[in-house]
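Reviewing the structure listed below.
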There are 2 protein chains.
Amino acid sequence: MDKKIHVLVVEDDSDINKLLCTVVTKSGYIAQAAYSGTEANLYLDRQEWDLVLLDLMLPGLTGEQLLEKINEVFRTPVIIISAKDEQQTKIATLRTGADDFITKPFDIEEVSARIDSHMRRYMRFSNPTPSNRLTYKELELDKETKFVTINGSEVTLTAREFAILELFMSYPKKVFSKANVFESIWNEEFMGDDNTVGVHISNLRSKLAKANPKQEYIETLWGMGYRLR
Amino acid sequence: MDKKIHVLVVEDDSDINKLLCTVVTKSGYIAQAAYSGTEANLYLDRQEWDLVLLDLMLPGLTGEQLLEKINEVFRTPVIIISAKDEQQTKIATLRTGADDFITKPFDIEEVSARIDSHMRRYMRFSNPTPSNRLTYKELELDKETKFVTINGSEVTLTAREFAILELFMSYPKKVFSKANVFESIWNEEFMGDDNTVGVHISNLRSKLAKANPKQEYIETLWGMGYRLR
DNA sequence: GAACCAACTTAATGTTTTCTTAAGATTCTC
DNA sequence: GAGAATCTTAAGAAAACATTAAGTTGGTTC
């Protein structure tokens, strides 16, 4: 279940506020209207927000003041929506900490797209899917179902091959020596003269290559080890 | 030392490209110009980027195609900079995965402010300088992924060369005698008549010089040893 | 409990890359 | 300018890796 996304809409014109709230709601987020700087301030203190849509010209506290506070105290992304269209203002607010600046009159669709864009990026970080699914390029691996696909088509791996791939995909681009691999997966000390890991890598490679001949996923670094690439 | 931020500037008009690169550089990031979709694609595969500035109308691959790939494969933020100013395009690309859309002709200050804004947000989340990364001037070395770059472009080193460079970069001002180097890396006693270290240093130097001819990184102190410079 | 099967390991062989050696060229110090 | 230290180059040696096939093991089925 996804966490609900709360958006605070700060705008004194009640028609525009309503319109913005509609846009937000239609995108599947929860909107809260605030009609003055001081009102917005109360809401900010009261709960956490995932996004603030902020007009600059407001009764009570100005948008600039609010922006400053949000930046100092919270880390919420802020999209400015303002009729002030001088470049000066735009640049100043972006530098002060705004994440975007939309000029009035605005295009509803664009506002919606920009909100989604920011939320998409924000959610990717703040809510890092604690999932059991790993991806790397076209590769997908599900830890739970042990399912591995490339471009959607299934690749059948043995237990060891799966474990190695999972290890690699857990730390993409990290270089693993044979000893690293052996000790992580077999849980015993690595004796230098062992070729086992090499054979598994070879088999794994040929299965991956069969599924996607265009891409080499496992790279050899001579004298150092292997890494996903 | 902060991690350096690498920005890929994809734009076929060389004047505009230059201008954008200047903006990026002035903000303290490292810019790499790409003049076609296919060229950009090569750079994307070659290293990780923190931001892509992307024109839509490009020879080779279109901006839209690149955007799609970046979204599927990487997680890099993308700012579209385009002359196509129909709302349709704007909304479509934002929905496809772009993080921002700037219309040409653009205001340099605004571009700069928007880049900074995205990087500020992005950097807050992405790893706060992992300690396995060493930096010296334009040189970057990652102990974990064994990646070495100069100004963002990859330098391929062998195991020994990497080990020597890592040793030097770990103690940037220290002077290492041949014996020091040999004993740290080979873990055996140094017999004076050995030229091995010298050969490795020579090879290492020539690889570094190929990547950045302007700078000599390894200095010889006659009769004493070597040191990073 | 014997036969079978799949996955794993070991072993053998071939290939590729890197390392070392050695010799001549160069550079620096006195 | 002589001598010593260092640099460069190239080629042979050595190490690391890849692949294939043959043996082992452990579990499943009849």
Side-chain angles (χ1 to χ4, degrees), chain A residues 146-148 154-168 175-210 213 215-229, chain B residues 146 148 154-168 175-211 213 215-229:
Chain A
K146 310 290 181 195
F147 226 68
V148 176
E154 184 182 351
V155 182
T156 315
L157 300 181
T158 69
R160 294 275 132 102
E161 289 157 10
F162 183 89
I164 292 173
L165 186 60
E166 180 183 338
L167 177 66
F168 284 175
V175 173
F176 293 90
S177 67
K178 280 183 203 286
N180 286 160
V181 174
F182 192 83
E183 283 165 7
S184 314
I185 290 169
W186 278 258
N187 284 317
E188 41 183 286
E189 204 190 336
F190 178 70
M191 304 301 184
D193 62 337
D194 192 345
N195 183 31
T196 310
V197 172
V199 173
H200 286 297
I201 298 263
S202 170
N203 294 333
L204 179 53
R205 271 185 175 140
S206 79
K207 286 186 185 181
L208 296 179
K210 199 179 276 179
Q215 179 77 40
E216 272 202 26
Y217 291 101
I218 300 170
E219 182 183 26
T220 303
L221 292 166
W222 280 75
M224 302 201 253
Y226 302 95
R227 85 177 153 199
L228 220 53
R229 183 145 210 208
Chain B
K146 311 287 185 196
V148 175
E154 185 180 351
V155 182
T156 313
L157 301 181
T158 70
R160 293 276 135 94
E161 289 157 10
F162 184 90
I164 292 173
L165 185 60
E166 180 183 340
L167 177 65
F168 284 175
V175 176
F176 293 91
S177 67
K178 281 182 202 287
N180 285 160
V181 174
F182 191 84
E183 284 165 8
S184 318
I185 290 168
W186 277 258
N187 282 317
E188 41 183 285
E189 205 189 335
F190 178 69
M191 305 301 186
D193 62 338
D194 192 349
N195 182 30
T196 309
V197 172
V199 173
H200 286 298
I201 298 266
S202 168
N203 294 332
L204 179 53
R205 272 182 175 145
S206 80
K207 286 186 185 180
L208 296 179
K210 198 181 274 179
Q215 178 75 41
E216 271 203 27
Y217 290 101
I218 299 170
E219 180 183 29
T220 302
L221 294 166
W222 220 265
M224 301 197 237
Y226 304 97
R227 145 179 93 182
L228 222 51
R229 158 145 208 178

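In this text the structure is predicted, and so the values were computed from the model without any measurement. Below, chain A is the first sequence line, B the second, and so on; all start at residue 1.
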Shortest side-chain distance from B:K178, nucleotide among D:dC17, C:dC8, D:dT6:
D:dT6
Just checking B:D194: base, sugar-phosphate only, or nothing, at a heavy-atom cut-off of under 4.0 Å?
sugar-phosphate
Using a cut-off of strictly less than 4.0 Å, decide whether A:Y226 has a side-chain nitrogen or oxygen near OP1 or OP2 of D:dA18.
yes
Looking at the side chain of A:W222, which of C:dT27, C:dT18, D:dA18 is the nearest nucleotide?
C:dT18
Does CD in A:E216 sit with more than 12 non-hydrogen atoms of other residues, nucleotides or ligands closer than 6.0 Å?
no
Enter the distance from A:M224:CE to B:F162:CZ here, rounded to the nearest 0.5 Å.
6.5 Å
Distance-only donor-acceptor test (3.5 Å): side chain B:N195, base D:dT8
yes
Shortest side-chain distance from A:T196, nucleotide among C:dT10, D:dA18, C:dC19:
C:dT10
Side-chain (A:R227) to main-chain (A:L221) donor-acceptor, under 3.5 angstrom:
no
Verify the contact: side-chain N or O of A:S202 to OP1 or OP2 of D:dA18, cut-off strictly under 4.0 Å; return yes or no.
no
With heavy atoms under 4.0 Å as the rule, sort A:T158 into base, sugar-phosphate or nothing.
sugar-phosphate
Quick check on C:dT9: is either OP1 or OP2 less than 4.0 Å from any side-chain nitrogen or oxygen of A:H200?
yes
Of the listed nucleotides C:dC8, C:dT20, D:dA18, the one nearest the side chain of A:R205
D:dA18
Measure from the side chain of B:W186, starting at C-beta and using heavy atoms only, and say which of C:dC19, D:dT9, D:dA18 lies closest.
C:dC19
Can you tell me how far apart CD1 (A:I185) and CD (A:E166) are? Round to the nearest 0.5 Å.
8.5 Å
